[in-house]
**Student:** 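Below are the structure tokens for one structure; questions will follow.
Proteins come first, then strands; the chains are lettered A, B, ... in the order of their sequence lines, and each starts at number 1.
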2 protein chains.
Amino acid sequence: MNPETTQRNTKQRSAVSAVLGETEGFHSAQDLHAMLRDRGERVGLTTVYRTLQGLADAGEIDVMRPPGGEHLYRRCSQGHHHHLVCRSCGRTVEVAGPAVESWAEKVAGQHGFVDVSHTLEIFGTCPECAAKS
Amino acid sequence: MNPETTQRNTKQRSAVSAVLGETEGFHSAQDLHAMLRDRGERVGLTTVYRTLQGLADAGEIDVMRPPGGEHLYRRCSQGHHHHLVCRSCGRTVEVAGPAVESWAEKVAGQHGFVDVSHTLEIFGTCPECAAKS
DNA sequence: GCGCCTTTGACAATCATTGTCATTATCGAC
DNA sequence: GTCGATAATGACAATGATTGTCAAAGGCGC
């Protein structure tokens with residue numbers, strides 16, 4: 001078992017990372033690819049996908065699978081947390097829920113499940129969007 | 001707020017509903033389609049998809065979007081609840097978490113979000129699968 | 001600098017899901 | 001029970017995100 005999957009530092013990887021660092025909210029792989037092109041970076045779509053997967057595996061970014069069908073990626077704070085997403089404008093707020101974490105662990109444990117993880121997303125309409133409609 | 005969801009009762013709809021009622025766990029649309037064919041029901045794949053969407057909209061079934069990429073459907077108890085899924089054998093346990101519900105509402109409210117909903121899935125390895133490995 | 005080996009990227013392939021549209025079946029009215 | 005409007009169906013094509021492929025290029029240790 002090699003814990004350190006030989007990762008090399010390439011321009012493309014930093015470019016993707018940089019874009020993620022400068023943008024707010026979630027973006028699809030294709031979005032990010034377009035942004036990179038606009039910035040003049042020449043990065044292949046395939047590479048964007050692979051880089052994002054790598055970053056996601058490394059825990060440096062979060063992945064969300066909205067009903068829309070595309071994967072959305074976002075750089076988030078490192079620790080475990082969840083998202084409160086406006087279903088109208090896409091605005092995202094990070095929320096922490098220690099109570100939820102322990103609850104999930106407890107419930108899973110009661111059923112004998114081990115190696116537990118969980119996903120939680122909260123959807124709603126943010127104040128601005130609610131006011132608009 | 002129900003603008004007449006004009007739904008007709010058709011053989012296909014009952015067939016899909018019946019299969020869902022007799023199976024355990026989550027199944028993909030294509031799975032269900034295959035099952036229906038085995039039973040001798042002649043149902044088009046397109047119809048299976050549409051029927052499932054309809055049932056999901058009506059709240060009669062639950063949809064899950066696992067990392068695998070396929071949509072999985074399952075008939076569940078009507079009330080709001082969540083799932084504890086074995087990531088090895090797919091076994092599913094329904095769990096209720098009143099505390100989580102209220103927590104989500106509260107957190108969303110604190111940020112001014114309205115019309116709140118949420119999704120929560122817990123993944124783990126069930127006792128049997130854990131023992132096997 | 002040199003060479004090995006990972007990464008890259010253009011393109012093709014995959015595959016679940018959705019759109020299309022002529023045909024069929026359902027439901028309410030009579 | 002019959003009729004007719006109209007929603008539902010289903011075979012097929014289309015879509016579109018994601019993944020696979022493989023030759024070429026670049027990073028890293030030496």
**Student:** Does atom CZ of A:Arg42 have more than 12 heavy-atom neighbours, drawn from other residues, nucleotides or ligands, at distances under 6.0 Å?
**Tutor:**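 For A:Arg42, atom CZ is not crowded (no more than 12 foreign heavy atoms under 6.0 Å).
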**Student:** Rounding to an integer number of Å, can you tell me how far B:His71 NE2 sits from D:dT18 P?
**Tutor:**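 In whole Å, D:dT18 P lies 12 Å from B:His71 NE2.
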**Student:** Taking C-beta and beyond as the side chain, do B:Val107 and A:His82 meet within less than 4.5 Å on heavy atoms?
**Tutor:**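 No, their side chains stay 4.5 Å or more apart.
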**Student:** Can you pull out how bent the helix from C:dG1-D:dC30 to C:dC30-D:dG1 is, comparing the axes over its first five and last five pairs, to 10°?
**Tutor:**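 Overall, the helix from C:dG1-D:dC30 to C:dC30-D:dG1 bends by 50° from one end axis to the other.
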**Student:** When hydrophobic residues are tied together by side-chain contacts of less than 4.5 Å, even through go-betweens, does B:Tyr73 share a cluster with B:Met64?
**Tutor:**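 No.
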**Student:** Give, ordered by number, those residues of residues 10-23 of chain A having at least one heavy-atom distance below 4.0 Å to an atom of DNA chain C; if nothing qualifies, reply none.
**Tutor:**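 Those residues are A:Thr10, A:Gln12.
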**Student:** Of all the choices, C:dT17, D:dC28, D:dT18, which nucleotide is nearest to the side chain of B:Gln30 once you look at every atom?
**Tutor:**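 Minimum distance to the B:Gln30 side chain belongs to C:dT17.
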**Student:** Hey, quick one: are A:Phe26 and A:Leu55 part of the same hydrophobic cluster, counting side-chain heavy atoms closer than 4.5 Å, chains of contacts allowed?
**Tutor:**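 Shared cluster, no.
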**Student:** If you assign B:Asn9 and B:Ser28 each to the DNA chain C nucleotide with the nearest heavy atom, which residue ends up on the more 5' nucleotide?
**Tutor:**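 Result: B:Ser28.
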**Student:** The criterion is side-chain contact (heavy atoms from CB on, under 4.5 Å); which residues satisfy it with A:Glu128, sequence neighbours excluded?
**Tutor:**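 In terms of side-chain contact (heavy atoms from CB on, under 4.5 Å), with neighbours along the sequence ignored, A:Glu128 is linked to A:Arg91, A:Cys126.
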**Student:** Assigning hydrophobic clusters by single linkage (Ile, Leu, Val, Met, Phe, Trp, Tyr; side-chain heavy-atom cutoff under 4.5 Å), is B:Trp103 placed with A:Val85?
**Tutor:**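 B:Trp103 and A:Val85: separate clusters.
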**Student:** NE2 of B:His27 versus P of C:dA16: gap in Å, rounded?
**Tutor:**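 Atom NE2 in B:His27 sits about 16 Å away from atom P in C:dA16.
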**Student:** B:Glu70 has an atom CD; how far is it from atom C1' of C:dT17, in whole Å?
**Tutor:**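 That distance rounds to 11 Å.
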**Student:** Find out whether B:Phe123 and A:Thr119 are in side-chain contact, i.e. whether some heavy atom of one side chain is under 4.5 Å from a heavy atom of the other.
**Tutor:**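 Yes, at least one pair of side-chain atoms sits under 4.5 Å.
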**Student:** Counting only heavy atoms and a strict 4.0 angstrom limit, can you tell me which residues of residues 46-54 of chain A come near DNA chain D?
**Tutor:**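 The answer is A:Thr46, A:Tyr49, A:Arg50, A:Gln53.
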**Student:** Rounded to whole Å, please give me the gap between CG in A:Leu72 and C1' in D:dT18.
**Tutor:**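 Rounded to the whole Å, the gap is 14 Å.
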**Student:** Quick one: salt bridge (Lys or Arg N to Asp or Glu O under 4.0 Å) partners of B:Asp115, sequence neighbours excluded?
**Tutor:**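 So B:Asp115 forms a salt bridge (Lys or Arg N to Asp or Glu O under 4.0 Å) with A:Arg87.
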**Student:** Under 3.5 Å, is there a donor on one side chain and an acceptor on the other for A:Glu105 and A:His118?
**Tutor:**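 No - no donor-acceptor pair under 3.5 Å links their side chains.
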**Student:** For DNA chain D, determine which residues of residues 35-43 of chain B have any heavy atom closer than 4.0 angstrom to one of its atoms, and list them numerically.
**Tutor:**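 Going residue by residue through residues 35-43 of chain B, the ones with a heavy atom under 4.0 Å of DNA chain D turn out to be B:Arg42, B:Val43.
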**Student:** Of A:Thr92, A:Ile122, A:Leu120, which is the lone residue that meets side-chain contact (heavy atoms from CB on, under 4.5 Å) with A:His83?
**Tutor:**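 So, applying the side-chain contact (heavy atoms from CB on, under 4.5 Å) to A:His83 and each of A:Thr92, A:Ile122, A:Leu120, only A:Thr92 qualifies.
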**Student:** Taking atom types as modelled, find out whether B:Arg75 and B:Ser17 have a side-chain donor-acceptor pair closer than 3.5 angstrom.
**Tutor:**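 The criterion, which ignores hydrogens and geometry beyond distance, is satisfied for B:Ser17 and B:Arg75.
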**Student:** Is A:His33 reaching over with its side chain to a backbone N or O of A:Val43, donor-acceptor style, under 3.5 angstrom?
**Tutor:**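 Side chain of A:His33 to backbone of A:Val43, a donor-acceptor pair under 3.5 Å: yes, one is there.
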**Student:** Nearest whole Å is fine: how far is C:dA10 P from A:Leu45 CG?
**Tutor:**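 In whole Å, C:dA10 P lies 10 Å from A:Leu45 CG.
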**Student:** With the side chain counted from C-beta on, respond yes when A:Thr10 and A:Thr47 share a heavy-atom pair under 4.5 Å apart, and no when they do not.
**Tutor:**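 With C-beta onward as the side chain, the pair stays apart.
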